[in-house]
Amino acid sequence: MYRERIKELKKWKLRKNRKPLIVQGARQVGKTWLIQEFGKTEYRQMVYVNFEHAVELQGLFLQDLNTQRIISALEAFTLKKITPNDTLIVFDEIQSAPKGLTSLKYFCENAPEYHVIASDSLLGMNLHNKVSFPVGKVEFLYLYPMNFYEFLLAVGEWGLAGILERKQWDILDIFSNKFKEYLRYYFYVGGMPEAVAAFSETRNWKLVRKIQNDILNTYENDFSKHAPKEEVPRINMVWKSIPAQLGKENKKFIYGVMRQGARAKDFEMAIQWLVDSGLLLQTHRISKPAMPLIAYHDIFTFKLYFNDVGLLAAKSNLEAKTIIGGSEIFTEFKGSLSEQFVIQQLTKRKNIPIYYWANDRSTAEVDFILQHDGEIIPIEVKATENVKAKSFKLFCEKYNPTTAIRTSLSNYRKESWLTNVPLYVIGDYFSVEDGERIES
């Protein structure tokens with residue numbers, strides 16, 4: 001298995017002003033695997049502690065935050081001598097150790113020679129619980145489910161992945177049917193590493209679906225385990241409504257889908273909890289496509305997507321035969337799977353703000369609006385070969401964007417006012433050679 005984020009970890013290791021790194025992401029997206037793979041391949045040794053499992057070490061930071069005492073305790077626990085430049089120290093599920101996050105500040109200030117990585121599935125929620133946080137003393141790397149490029153590598157299609165990465169348009173056209181075939185597979189399997197590994201090894205659709213349902217159950221169990229007790233019923237209602245929300249022609253989040261008379265103020269915390277946990281992706285409407293987009297976004301009007309297209313398919317009870325049947329999958333749920341796929345691929349670059357546009361009467365809409373490299377870029381998602389887009393053309397005529405993209409099953413081509421990008425390429429279309437910088 002290969003994850004693109006390994007390149008960012010290698011850059012972090014070599015940087016002179018390196019700070020302790022926090023790897024964030026929802027549960028089950030592969031944080032532990034990524035960190036351990038990095039430790040095994042890039043260091044002489046790794047000292048790994050999972051604070052959810054190592055209950056006896058959960059009080060490690062309570063006595064004081066002296067880094068040398070902490071190092072000595074880790075050496076005694078792991079029976080390994082920790083040396084600064086060739087040992088990777090890993091604090092997995094650091095939220096389970098009180099003051100664990102705070103300790104990273106002192107590694108940054110008093111022991112910067114040590115290479116320290118922490119992971120936290122619940123950081124977004126913990127910050128709302130007033131957990132002391134080492135502002136400016138750590139760096140962040142966010143991990144999402146496996147994207148389509150990583151999926152191709154995992155199932156052994158190195159050649160297709162290389163063509164995709166290099167964006168060789170003429171060769172992409174030749175292999176378009178093969179790409180569409182694997183795109184249908186990805187719509188069902190998604191990017192959760194365990195599901196991808198099972199599919200790669202067995203091609204067993206039922207096993208994949210069982211793994212996805214197990215992940216969904218894990219997420220839903222986390223609601224009652226980690227969320228504020230009074231918010232759990234509302235979190236469940238929001239979560240269960242997502243397939244129905246995305247099945248509508250207008251995918252704007254409607255509170256009435258959950259229950260009659262539901263109001264925004266009653267569900268704000270529930271929605272924020274799901275977004276902060278990484279389980280849902282949120283895009284807000286903008287009233288005007290101008291720089292910066294955040295100045296024109298409507299905090300009350302938004303769409304919500306799952307973090308993974310495979311989990312959306314599982315939650316929607318989409319059967320494998322729908323995939324095998326051909327392109328029908330791309331129109332299932334009025335294109336909701338296609339939009340879910342696109343936002344998931346675009347979100348792999350966390351530093352690109354993603355919104356959508358709709359006019360005041362909601363009679364015209366553009367699926368996604370990006371702010372990227374000094375440009376405002378509209379993206380229209382078309383689920384099939386039918387690429388007529390009246391709203392998109394009206395938008396482009398009114399605002400005249402430098403770059404306008406329609407992504408569909410059609411091959412790559414440039415027209416006078418837009419560029420058609422194949423659906424399976426959209427995630428790599430905006431990639432840059434140096435990758436995304438780790439945030440401080």
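Keep in mind that the numbers below use all heavy atoms, side chains included, and drop hydrogens, waters and symmetry copies.
Across S287 and Y399, no two heavy atoms sit closer than the pair O-OH, 4.2 Å. Considering all non-hydrogen atoms of both residues, V189 and Q212 come closest at O-NE2, 2.9 Å. In terms of heavy atoms, I211 sits closest to A198 at CD1-CB, 3.5 Å. The two residues L304 and L246 make their nearest non-hydrogen contact at O-CD2, 3.4 Å. Taking all atoms of both residues into account, the shortest heavy-atom contact from I71 to I82 is O-CD1, 4.0 Å. Minimum heavy-atom separation, S336 to L312: O-CD2, 4.3 Å.
For the residue pair Q95 and E93, a side-chain donor N or O sits within less than 3.5 Å of a side-chain acceptor on the partner. Counted by atom type alone, Y182 and E157 present one or more donor-acceptor pairs between their side chains at under 3.5 Å. Residues Y305 and E339 have side chains that bring a donor and an acceptor to within less than 3.5 angstrom of each other. In this structure, a donor-acceptor pair under 3.5 Å is present between the side chains of D92 and T32.
Note that R184 lies outside the cation-pi zone of Y188, set by a 6.0 Å cut-off to the ring centre and a 45° limit from the axis.
Ring-centre distance between Y149 and F151: not below the 6.0 Å cut-off. For an aromatic pair to be called close, the ring centres must be under 6.0 Å apart, and F368 with W357 fails this. Checked against the 6.0 Å centroid criterion, the rings of H284 and F302 qualify as a close aromatic pair. Under the 6.0 Å cut-off for aromatic ring centres, Y142 and Y144 qualify, their centroids lying closer than that.
Within the model, atoms CZ of F267 and CE of M258 stand 4.0 Å from one another, a figure rounded to the nearest 0.5 Å. Going from atom CG of L9 over to atom CG of L143 covers 9.0 Å, rounded to the nearest 0.5 Å. With rounding to the nearest 0.5 Å, the separation of CZ in F148 from CG in L160 is 8.0 Å. Distance check: D308 CG to Y186 OH gives 6.0 Å after rounding to the nearest 0.5 Å. For the atom pair CD1 (I117) and CD1 (I35), the distance works out to 5.5 Å, reported to the nearest 0.5 Å. To the nearest 0.5 angstrom, N17 atom CG is 9.5 Å from C108 atom SG.
Counting heavy atoms of neighbouring residues, nucleotides and ligands inside a 6.0 Å radius, atom CD1 of I294 does not exceed 12 of them. Within 6.0 Å of CD on Q260 lie no more than 12 heavy atoms contributed by other residues, nucleotides or ligands. Atom NZ of K210 is surrounded by 12 or fewer heavy atoms from other residues, nucleotides or ligands within 6.0 Å. Atom NZ of K99 sits in a sparse spot, with 12 or fewer heavy atoms from other residues, nucleotides or ligands closer than 6.0 Å.
Counting only distance, with no hydrogens or angles, the side chain of E365 and the backbone of N250 share no donor-acceptor pair below 3.5 Å. Within the 3.5 Å criterion, the main-chain N or O of L172 finds no donor-acceptor partner in the side chain of K167. With hydrogens and angles ignored, the 3.5 Å screen pairs a side-chain donor or acceptor of R18 with a backbone N or O of P112. Between the side chain of D222 and the main chain of K225, no donor-acceptor pair closer than 3.5 Å is present. Under the 3.5 Å distance criterion, the side-chain polar atoms of R234 are matched with a main-chain donor or acceptor of E230. Not one N or O on the side chain of S200 forms a donor-acceptor pair closer than 3.5 Å with the backbone of V196. A donor-acceptor pair is defined here as one N or O able to donate and one able to accept, closer than 3.5 Å; no such pair exists between the side chain of E8 and the backbone of R5. The backbone N or O of K19 lies less than 3.5 Å from a partner atom in the side chain of E139, making a donor-acceptor pair. With hydrogens and angles disregarded, no donor-acceptor distance shorter than 3.5 Å links the side chain of N307 to the backbone of L280. The backbone N or O of N221 sits less than 3.5 Å from a side-chain atom of S224, completing a donor-acceptor pair.
No side-chain heavy atom of M269 sits under 4.5 Å from any side-chain heavy atom of P228. Under the 4.5 Å side-chain criterion, counting only non-hydrogen atoms from C-beta, Y106 is in contact with T67. Contact check for W12 versus L141: no side-chain heavy atoms found under the 4.5 Å cut-off. At least one side-chain heavy atom of I271 sits under 4.5 Å from a side-chain heavy atom of Q282. Using a 4.5 Å cut-off on side-chain heavy atoms (C-beta onward), P401 and E375 make no contact. The closest side-chain heavy-atom distance from Y219 to R27 is below 4.5 Å. Residues Q371 and M291 form a side-chain contact, since some pair of their non-hydrogen atoms from C-beta on lies under 4.5 Å apart. L216 is listed as a side-chain neighbour of W239, based on a closest heavy-atom distance under 4.5 Å.
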Which is it for D298 and I286 under the side chain to side chain contact (heavy atoms under 4.5 Å, CB included) test, yes or no, and what are the steps along the way? CA-CA 6 Å; D298 179 355; I286 57 162; over 6 Å; no
Verify side chain to side chain donor-acceptor pair (under 3.5 Å) between N420 and S408, making sure each step is shown before the conclusion. CA-CA 7 Å; N420 191 87; S408 71; 3.1 Å; yes
M192 and M146: CA distance, side-chain angles, deciding distance, side chain to side chain contact (heavy atoms under 4.5 Å, CB included) verdict: CA-CA 6 Å; M192 288 297 177; M146 298 174 72; over 6 Å; no
Show your reasoning for whether side chain to side chain contact (heavy atoms under 4.5 Å, CB included) applies to L279 and F223. CA-CA 11 Å; L279 303 186; F223 300 164; 3.7 Å; yes
Begin from the C-alpha positions of Y356 and D367 and carry the test side chain to side chain contact (heavy atoms under 4.5 Å, CB included) through to its verdict. CA-CA 5 Å; Y356 78 97; D367 297 316; 5.9 Å; no
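Here the rule is ring-ring contact (aromatic ring centres under 6.0 Å, His included) with H115, and of F91, F107, Y43 only Y43 fits it.
By the salt bridge (Lys or Arg N to Asp or Glu O under 4.0 Å) test, E220 is found to be paired with K315, residues two or more places apart in sequence or in another chain being considered.
Electrostatic pairing of D428 and R166 does not count as a salt bridge here, judged by no charged N lying under 4.0 Å from a carboxylate O.
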